[in-house]
K.L.:
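I am attaching a structure below and will ask some questions about it afterwards.
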Amino acid sequence: MRTLTRRLLGIALLVWSAQLAAAQTPAAPAATGSLTGTVLDSLSRQPVAYATVVLLPPAPGDKPITGVAADDQGHFALTKLGAGTFRLRASYVGYGTRTRTVVVGVGATAVGNVLLPTAAQALGEAVVVGTKPVVEVRPDRLIYNADQDVSNAGGTAQDVLRKAPLLAVDGDGNVKMRGSANFKVLVNNKPSPTLARNLAEALKSIPAEQIQSVEVITTPSAKYDGEGTAGIINIVLKKGVNQGVNGRVGASSGNRNSNFNSALNFKKGKIGFTSSASAGAWYNPGQFSRERLGYSTPGTDTLRQNGSVYNKGGWYYGTVGLDYDPAEHHSISLAGSVNGYGGNTTQDLLNRYTSPISANNQLFSRDTKNIFTGLNVEGTGTYTRTFAQARKEWSVLGQYALNTGTFGYDFDQYNNSTFPLEPGAANYRERSRGRTPGHEFTFQSDFTQPFGDKKTLEMGLKAIFRRTGSVATVDGLTPGQTSDFVPLAGRATDFSYAQDVQAAYATYGFGVGKKLTASLGGRVERTALSAEFRATNSPPFSQHYITPLPNGNARYAFSDATSLRFAYSRRITRPFIDFLNPFVDRSDPKNISFGNPELSPELTDSYELGYSTAIKTTTLNAALSVRHTGNAIEQVRYSTTNPDAPLPPGVVPDPSVTVQTFANVAANTFYQFNVNFSAKPTPKWDLSISPDVQYVVRRSPALNTRRQGFASGVNVNTSYKLNKGFTVQGFVFASTPMPEIQGTGPANLYYQMGVKKTLLKDKADLTLNFGSPFNSYWPYRNTTTTALFDERSEYRAYQRSFRLNFSYRFGQAAGQPKQRKSINNDDTKSGGGKQGG
């Protein structure tokens, strides 16, 4: 890895030297004219980063006079031009070519926006009415256009993420990106503390109808926070209109979830307003089983557990935004959101423990009810200053987020019974209640300064101040010993946690010749942590460290349609409250879990080589990548009889009991090859196929283990437009088991099909979707292997579903409002589900 890093630095210095040499070469006297503009997607009005822009002589000549690559915001500038009439041509992989006549005079000439049609729209130089492809390829990301997938109607963000390239969602709603849970999720390029705290539940509260696209960013630049070792998932929500009023209402119902959603937007003159409101409910059954073989001096013991679960809950979600442009080059943006959810999981458990020592045998059944709520309120203010010089910009941002939640459980245990009895017959009862308060303040400033047509400097400062914690009580009742619930000694927790992060970054982008563009950048982050444990009177914990995070990329354009890109980045993963919370969860007495407040951050070096090409309406993107993480944070399990097991207070060694926590115990390397193929075989047929293969190596001297092996997956999405306003859609995702540090993760299979009918002069849609219609459930099987026990577990997620959705649009056609700067607090690591309580 060090050798590879030295080679990368060598390449960077070589490119830099070439750029300086080019800058120092004496040039002939140049003309004084110039052209500036921005290349945008014709449908979404989003920038087309790194598009190729060339100046051509009048027809029929096609030999370029000069050319340049646009920057990551689609801006371009052609300088030192002679006066006259020319043709300006813009192109990029996956888009059609756009050519227009331009007149160059003395001084700067602004040509405005150059709108590129997607490959699905473009037929030669003619632009026809069409739709965006389901999957698009950009230099640093893959984009899944959820609004073009009819099978999403009536679903949630969880359903949408199942279909995005490089992502996988299991039966519990846990998300992985490129086989890793170490990533960050943004909404409209902004963080959501709710998503950071409990992603699996929070994704259920964002309706699919409000999602425009999902961006999978594999190599984020230095302007993003350094967190998320596998990359960043950015959920882009639909926004307002260019002028006028529009909105939508919709409702859906099915056997797994139901929801109502709405939006109202308008723009008049200098003021723009956006809003949305939605609410819904979910209800999902499941079954589980576990068999554990324990190895001890007396012999082999066996633990068998099985039962059923039922998850249900509800959510509400609302957003409001206000944009105001008081004068030219000045804009103000205010945005707010509220997201709340709550629910419960009921579970019946049958526990059979058989020991070589018969006196230790144990049989009981248990009724458990887990409850949870979450509330997130966010407010963001932004001021943006642009200048007469194209691409020059300064912005200041501030954000406050309130994030609070509750958790708890109640159970009744019936000894020597294979099924639950009346609550009055319980041999033991226990209950727990807890809360996790949270506040977050963020301040950020960014500045962009162009130097000529090929050089740009971006730099910025950021500070985040987080305050969170966990307070919980545990009470027990043993009939015949206590008349009512009494607090259990040593089981309560009162934990507070503070995390402050300050960061500075700079990125310099430049071009070398007409075909090579590159950028070099770096980010420095200072982290200060502190924690107090008031319930146990343990000494306070504090830590601080400074982390440099370099990155860079280079792109070589062989032609307008074909390019090669190399990127390197270093990223950091800081543990968040779910991993740190020391609360001991004993709701399953044989499988105890707790957090580790002394976790250290992990660092990941990522290298990616990507190739993109397009032929007419077919786009191909292939990428080779390597990710290495040292000091990785892993979820680990121990037998309580293991002398190295970190047992929390009050837990005594018992061969039938395991503990689960988090620890810096591994070094992981992922070697991955992924392909995205998007095509339009006929004008009415769209097809996207995304296979990936990876070889995983996990090493842990602390656990005395090494795990390695292949894992693969494939994502297929296709749609076909029939006559009379009908569209049919199909989707399949499948993956093989993933090697984990102590075993293997589950295989995955999910498929869905839907049909949509457009009604009321294209203002309404009626959609019917079916999920996994040919199998009632999918068994998610996990294995765990240690020196003292082997375990096999299975969770049956009932995925067979149907959903009927109706949506209605009113007002003017939607367009993309002016882009605003936003805060990206993508700097903490959290789990897919609730952990450690």
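All figures in this text were calculated on a predicted structure; none of them were measured in a lab.
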K.L.:
Just by modelled atom types, is the L402 backbone N or O under 3.5 Å from a matching donor or acceptor in the N376 side chain?
P.N.:
yes

K.L.:
Please tell me if the side chains of E634 and N668 come closer than 4.5 Å, counting only heavy atoms from C-beta onward.
P.N.:
yes

K.L.:
Looking at side-chain heavy atoms only, is the closest gap between F789 and S639 below 4.5 Å?
P.N.:
yes

K.L.:
Is it true that N361 and S355 share a donor-acceptor pair across their side chains at a distance under 3.5 Å?
P.N.:
no

K.L.:
In terms of the angle between their ring planes, are Y341 and F372 parallel, tilted or perpendicular, with boundaries placed at 30° and 60°?
P.N.:
tilted

K.L.:
Side chains of S772 and W778, heavy atoms from C-beta outward: is any pair under 4.5 Å?
P.N.:
no

K.L.:
Can you tell me how far apart CG (D790) and OG1 (T783) are? Round to the nearest 0.5 Å.
P.N.:
9.0 Å

K.L.:
For a quick check under 3.5 Å, do N351 and Q305 share a side-chain donor-acceptor pair by atom type?
P.N.:
yes

K.L.:
For the CZ atom on R435, are there more than 12 heavy atoms of other groups (residues, nucleotides or ligands in this structure) within a distance under 6.0 Å?
P.N.:
no

K.L.:
Please check: side-chain N/O of T785 versus main-chain N/O of Q742, any donor-acceptor pairing under 3.5 Å?
P.N.:
no

K.L.:
Between S262 (side chain only) and A277 (backbone N and O only), is there a donor and an acceptor less than 3.5 Å apart?
P.N.:
yes

K.L.:
Give me the atom names and distance for the closest heavy-atom approach of Y638 to A645.
P.N.:
CB-CB, 3.6 Å

K.L.:
Taking side-chain contact (heavy atoms from CB on, under 4.5 Å) as the criterion, tell me which of N596, L599, T661, T573 meets it with F579.
P.N.:
L599

K.L.:
List the atom of R534, the atom of S496, and the distance in Å for their closest heavy-atom pair.
P.N.:
NH1-OG, 3.2 Å

K.L.:
Are any non-hydrogen side-chain atoms of E430 and L488 less than 4.5 angstrom apart?
P.N.:
yes

K.L.:
Quick one: do the N748 and Y780 side chains pair a donor with an acceptor below 3.5 Å?
P.N.:
yes

K.L.:
Under the 3.5 angstrom rule, does the side chain of T784 hit a backbone N or O of G743 as a donor-acceptor pair?
P.N.:
no

K.L.:
Is there a donor-acceptor pair under 3.5 Å between the side chain of T302 and the backbone N or O of T354?
P.N.:
no

K.L.:
Looking at T482 and L477, what are the two nearest heavy atoms and their distance?
P.N.:
OG1-CA, 3.7 Å

K.L.:
Does the R796 side chain pair with the main chain of S289, one donor and one acceptor, at a distance under 3.5 Å?
P.N.:
no

K.L.:
More than 12 non-hydrogen atoms from neighbouring residues, nucleotides or ligands closer than 6.0 Å to CD on E598, yes or no?
P.N.:
no

K.L.:
Rounded to the nearest 0.5 Å, what separation is found between the CE atom of M738 and the CG atom of N782?
P.N.:
12.5 Å

K.L.:
Just how far is it from atom OG of S278 to atom CZ of F260, taken to the nearest 0.5 Å?
P.N.:
9.0 Å

K.L.:
Would you call Q502 and F465 a side-chain contact if the rule is heavy atoms closer than 4.5 Å?
P.N.:
yes

K.L.:
Between D494 and V471 (side chain of the first, backbone of the second, donor and acceptor by atom type, cut-off under 3.5 Å), is there such a pair?
P.N.:
no

K.L.:
Decide yes or no on side chain to side chain contact (heavy atoms under 4.5 Å, CB included) for L529 and Y545, but give the supporting numbers first.
P.N.:
CA-CA 9 Å; L529 309 174; Y545 47 85; 4.3 Å; yes

K.L.:
Answer yes or no: is there a side-chain heavy-atom contact under 4.5 Å between T493 and P582?
P.N.:
yes

K.L.:
When the aromatic ring centroids of Y795 and F288 are compared, is their separation below 6.0 Å?
P.N.:
no

K.L.:
R366 versus P589: any side-chain heavy-atom pair under 4.5 Å?
P.N.:
yes

K.L.:
Please find out if less than 6.0 Å separates the ring center of F407 from that of F583.
P.N.:
yes

K.L.:
Got a salt bridge between E791 and R637, using NZ or NE/NH1/NH2 to carboxylate O under 4.0 Å?
P.N.:
yes

K.L.:
Who passes salt bridge (charged side-chain N to carboxylate O under 4.0 Å, His left out) against R433, sequence neighbours left out?
P.N.:
D410

K.L.:
Could you report the tightest heavy-atom contact between P437 and T404, atom names first, then the distance?
P.N.:
CA-OG1, 3.9 Å

K.L.:
So Y353 and D301, side chain to side chain contact (heavy atoms under 4.5 Å, CB included) or not? Walk me through it.
P.N.:
CA-CA 7 Å; Y353 175 63; D301 55 41; 3.0 Å; yes

K.L.:
Would N255 and S801 count as a side-chain hydrogen bond (donor to acceptor under 3.5 Å, both in side chains) if you check the C-alpha gap in whole Å, the side-chain angles of each, and the deciding distance to 0.1 Å?
P.N.:
CA-CA 6 Å; N255 66 327; S801 64; 4.7 Å; no

K.L.:
Looking at D500 and R467, is there a salt bridge between them, counting it only when a charged N and a carboxylate O are closer than 4.0 Å?
P.N.:
yes

K.L.:
Can you see which heavy atom on P601 is nearest to which on Q543, and at what distance?
P.N.:
CD-OE1, 4.5 Å

K.L.:
Can you give me the closest heavy-atom contact between A492 and A535, atom names plus distance?
P.N.:
O-CB, 3.8 Å

K.L.:
To the nearest 0.5 Å, how far apart are CH2 in W282 and CH2 in W315?
P.N.:
9.5 Å

K.L.:
Does N415 offer a backbone N or O that forms a donor-acceptor pair with the side chain of N427 under 3.5 Å?
P.N.:
yes

K.L.:
Decide if atom NZ of K369 counts as having more than 12 heavy atoms of other residues, nucleotides or ligands within a radius under 6.0 Å.
P.N.:
no

K.L.:
Kindly assign one of parallel, tilted or perpendicular to the pair F441 and Y400, based on the angle between their ring planes and the thresholds 30° and 60°.
P.N.:
tilted

K.L.:
Go through the steps to decide whether E378 and N339 satisfy the test side chain to side chain contact (heavy atoms under 4.5 Å, CB included), and finish with yes or no.
P.N.:
CA-CA 9 Å; E378 297 176 14; N339 179 199; over 6 Å; no

K.L.:
Which one of N284, N370, N311 satisfies the side-chain hydrogen bond (donor to acceptor under 3.5 Å, both in side chains) criterion with T345?
P.N.:
N311

K.L.:
Taking G438's backbone N and O only, do any of them form a donor-acceptor pair with T468's side chain (distance below 3.5 Å, no angle check)?
P.N.:
no

K.L.:
Return the set of residues passing salt bridge (charged side-chain N to carboxylate O under 4.0 Å, His left out) with R352 (not counting sequence neighbours), or none when no residue passes.
P.N.:
none

K.L.:
Determine whether more than 12 heavy atoms belonging to other residues, nucleotides or ligands lie under 6.0 Å from atom CZ of R304.
P.N.:
no

K.L.:
Going from CZ on R574 to CD1 on I633, what distance comes out if it is rounded to the nearest 0.5 angstrom?
P.N.:
11.0 Å

K.L.:
Does G434 offer a backbone N or O that forms a donor-acceptor pair with the side chain of T406 under 3.5 Å?
P.N.:
no

K.L.:
Any chance you could lay out the side chain to side chain contact (heavy atoms under 4.5 Å, CB included) test for S470 and Y497, step after step, and finish with the verdict?
P.N.:
CA-CA 9 Å; S470 177; Y497 178 72; over 6 Å; no

K.L.:
Look at the rings of Y409 and F411 and say which category their plane angle falls in: under 30° parallel, 30 to 60° tilted, over 60° perpendicular.
P.N.:
parallel

K.L.:
Would you check if T641 and S296 make a side-chain contact, meaning some heavy-atom pair closer than 4.5 Å?
P.N.:
no

K.L.:
For Y283 and S258, test the side chains for any donor-to-acceptor distance below 3.5 angstrom and give the result as yes or no.
P.N.:
yes

K.L.:
Under a 3.5 Å cutoff, is there a donor and acceptor pairing between the side chains of Q660 and S593?
P.N.:
no

K.L.:
To the nearest 0.5 angstrom, please state how far the CZ atom of R586 sits from the CG atom of N591.
P.N.:
13.0 Å

K.L.:
Can you list the residues that meet the salt bridge (charged side-chain N to carboxylate O under 4.0 Å, His left out) rule with R781, with sequence neighbours excluded?
P.N.:
E794

